[in-house]
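Convention: sequence-line order gives letters A, B, ...; per-chain numbering from 1. A quick note: this is a predicted structure, and the numbers were derived from the prediction, not measured.
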There are 2 protein chains.
Amino acid sequence: MGIVKERYKMKFAKLSVMRLFQYKDFLIRAKSIGIKNLFSDDLAEAMGTTSTQVRKDFSLFGLSGNKRAGYNIDDLLEQLNELLGKNEKQRVVIVGAGNIGRALMKYSGFYKEGLEIVALFDSDINNYNASANPPVLPLESLYEFICKYKIEIGVIAVPYHAAQQVLDIMILAGIKGVMNFAPIALKSPKDFYINDVNLKLELESVAYFVKALKMEQEEQTNDV
Amino acid sequence: MGIVKERYKMKFAKLSVMRLFQYKDFLIRAKSIGIKNLFSDDLAEAMGTTSTQVRKDFSLFGLSGNKRAGYNIDDLLEQLNELLGKNEKQRVVIVGAGNIGRALMKYSGFYKEGLEIVALFDSDINNYNASANPPVLPLESLYEFICKYKIEIGVIAVPYHAAQQVLDIMILAGIKGVMNFAPIALKSPKDFYINDVNLKLELESVAYFVKALKMEQEEQTNDV
DNA sequence: TGGTTAACGTGAAAATATTCACAAAACCAT
DNA sequence: ATGGTTTTGTGAATATTTTCACGTTAACCA
């Protein structure tokens, strides 16, 4: 088993992987303002975590720095790019040209990270626009399109009652993982990756935790 | 210490809280198609988790069912609504009228969960529209607005270099928690709640885990 | 009406994630 | 060179989350 393969951890360290992506974004910014080296402390400070966490994340994936001089940004970015796969371009289709689908489509930050939104699909004929960039195509052509261009990544941004149907088409056509905005637990084979993002839930939970914080404070006040 | 207060868990069980919100959404749907009762197994099946997890989540927050007959949806929803706070209306401001800000604004699902988007704020004069619903107002009026209407929840959907500034205004004006879409670790007092949502990261990570799955499969193939 | 059993509720155990604590390496000053 | 200092890298300890295992109880049935 090669070292590179061995570094693609899956079962464990999901959260570490997420943080690695964030470290990378920060490093790119730091580099752009002329910084050449930094310590795990600097990274931790910028990311709102601890230096131990940073080093542990790196340790888990075999990323290393220099014992006294910290991390050279160029070196570290190279290691991260190899590990996180910036170098292979990945094409992505979005299904659902509603608010979320269009917001993602317009977001320009994907391309330079190796992700290219190649098409949107929608069931509403009023949204079609084959000459736009990316084009907005009829949902009926989704299967064919994925097969033809060998797309592996999808985004599901359709209402919840349509989501499983869309996913089934994607799976059949050869997609291997999706980001899912529909608020429903989708069913998929074991070798398929689903990343659920539920914006309503995320906002609702803020309201809850704000209330929880208030309760905590009231308790403390009463305790004295 | 009252029982109700005690149920607002904060330090632990963050993930349980998130799931409770999801159970609630599912229960609302189940109710709308006429279902009256269900078992932890049904909930687990629908949510893509296990019945043990469901019962443990409920147990942590004192939610209970019936030993042989499972859960009555109406009862459970009532308990969840009390716990998760549907009943108090919460007003929310969004800062940043870009793609994400507008997508959230247009999303209609918040209102019936007790969340009301009362205004958007933007620094670009071209986006102002005081007579829209919700209105789009100049960023300069953010502080005053929050104070005047005693808003406690905010959404930050501005570019990363503006996010901390916006947050500082919010904190000063009395907001207690935000959902943050800016890809940066914001600094805030300890009694402030921040929920970071990084869509670029979420999509990038799909690409990573798809690749990791492939590697795993290749290994298994080679192992035979 | 009393036995059976399906489902809940929950301590204990296992798995996963984070933090601690310290050895090893690298640099610096002398 | 040598001793002191700073920072990495990582096992061990701790904390948190999930899963297991099983006692309990309410509904059903004979």
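Between B:N66 atom CG and D:dT24 atom P the separation is 18 Å, expressed in whole Å. The CG-C1' distance, from B:L63 to C:dG9, rounds to 12 Å in whole Å. Counting to the nearest Å, the P atom of D:dG9 and the CG atom of A:L43 are 12 Å from each other. Separating the CZ atom of A:F61 from the P atom of D:dT10 is a distance of 14 Å, rounded to the nearest angstrom. When rounded to the nearest whole Å, the span between NZ of A:K67 and P of D:dT7 equals 14 Å.
Cation-pi geometry between B:K14 and A:F209 is satisfied (NZ or CZ under 6.0 Å from the ring centre, within 45° of the ring normal). In this structure, A:K89 is positioned above the aromatic face of A:Y111, its NZ or CZ under 6.0 Å from the six-membered ring centre and within 45° of the axis.
A side-chain donor-acceptor contact under 3.5 Å links A:Q164 and A:D168.
Separating the CD1 atom in A:I171 from the NZ atom in A:K176 is a distance of 9.5 Å, to the nearest 0.5 Å. B:M170 CE to B:L186 CG: the interatomic distance, rounded to the nearest 0.5 Å, is 10.0 Å.
No donor-acceptor pair under 3.5 Å is formed between the side chain of A:N195 and the backbone N or O of B:V206.
Residue B:R68 places no side-chain atom within donor-acceptor reach of the base of C:dA7, judged by atom type and a 3.5 Å distance cut-off alone.
Within the nucleic acid shown, A:S51 has no heavy atom closer than 4.0 Å to any nucleic acid atom.
Listed nucleotides: D:dT17, D:dT8, C:dT18. Nearest to the side chain of B:L15: D:dT17.
Checking B:D41 against A:S16, the closest nucleotide of DNA chain C that is more toward the 5' end is the one next to B:D41.
The stretch residues 52-59 of chain B touches DNA chain D through B:T52, B:Q53, B:K56, each having a heavy atom within less than 4.0 Å of the strand.
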